[in-house]
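First comes the structure, then the notes that go with it.
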Amino acid sequence: EIKIMAIVSAICSTFKQELLQGGHNFNTSAQTPAGMAFKLALYNSATMGATTTVYSTSNETTGTGYTAGGKALVNLGVTGGSSATTAFVDFTDLSGASAWTSSTFTTEGCLIYNTNITSGFTTDRAVCVVSFGGAKSVSAGTFTIEFPAATTGAAIIRLA
């Protein structure tokens, strides 16, 4: 029997439910520490997608320059409102000093998760899974993550 493990890009189902229950706060002024509640962890050969519920070290990327748990994201806040049909949140790219530098590893996707969740909810709750469309490698170099444009049609997390 051959088991195919895949990372499938998706907004996590539990995130949608927890959002409606008040479990996630993207308002940068209300977070402690401000804007640093979300992280991005890299993964290999994992079965991840809409059913992913929490951050886990299982199948997390390993290698020189990568630390379990990934990198903190700078949350740029929520854009949208009563005049827009889509609200979205954006994060600062993981590049320059924020990137994985002097690194050697291979990765296939990532998980954005919330480390600073509202009272009554557990920490490290999954927000979304992103497939890189195949293995991406870095060898003694810098690995960066560039988020899509902060627009209603392209932002990494959008609610329409």
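Residue indices begin at 1 and follow the sequence shown.
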In short, D90 meets F147 closest at the heavy-atom pair OD1-CB, 4.1 Å
Heavy-atom closest pair (S103 atom, G65 atom, distance to 0.1 Å) is OG-CA, 3.5 Å
Shortest non-hydrogen pair, A41 vs Y55, comes out as CB-CE1, 3.9 Å
Taking every heavy atom of P148 against every heavy atom of A155, the minimum-distance pair comes out as CG-C, 4.2 Å
Under 3.5 Å donor-acceptor, T115 side chain and F38 backbone:
no
d(N114 CG, N25 CG) to nearest 0.5 Å is 9.0 Å
task: Flag the pair Y113 / V129 as yes when at least one side-chain heavy-atom distance between them is below 4.5 Å, and no otherwise.
output: no
For F132, is there any backbone N or O sitting under 3.5 Å from a side-chain donor or acceptor partner on E108?
no
Residue pairs passing the side-chain hydrogen bond (donor to acceptor under 3.5 Å, both in side chains) test with at least one member in residues 128-151, sequence neighbours excluded, are T106-S137
When you measure from the side chain of N75 to the backbone N and O of F26, does any donor-acceptor pair fall under 3.5 Å? yes
- Verify, without hydrogens or angle tests, whether R125 (side chain) and F121 (backbone) share a donor-acceptor contact under 3.5 angstrom. no
Any donor-acceptor N/O pair, S102 side chain to A140 backbone, under 3.5 Å:
no
So CD1 of I156 and SG of C128: to nearest 0.5 Å the spacing works out to 5.0 Å
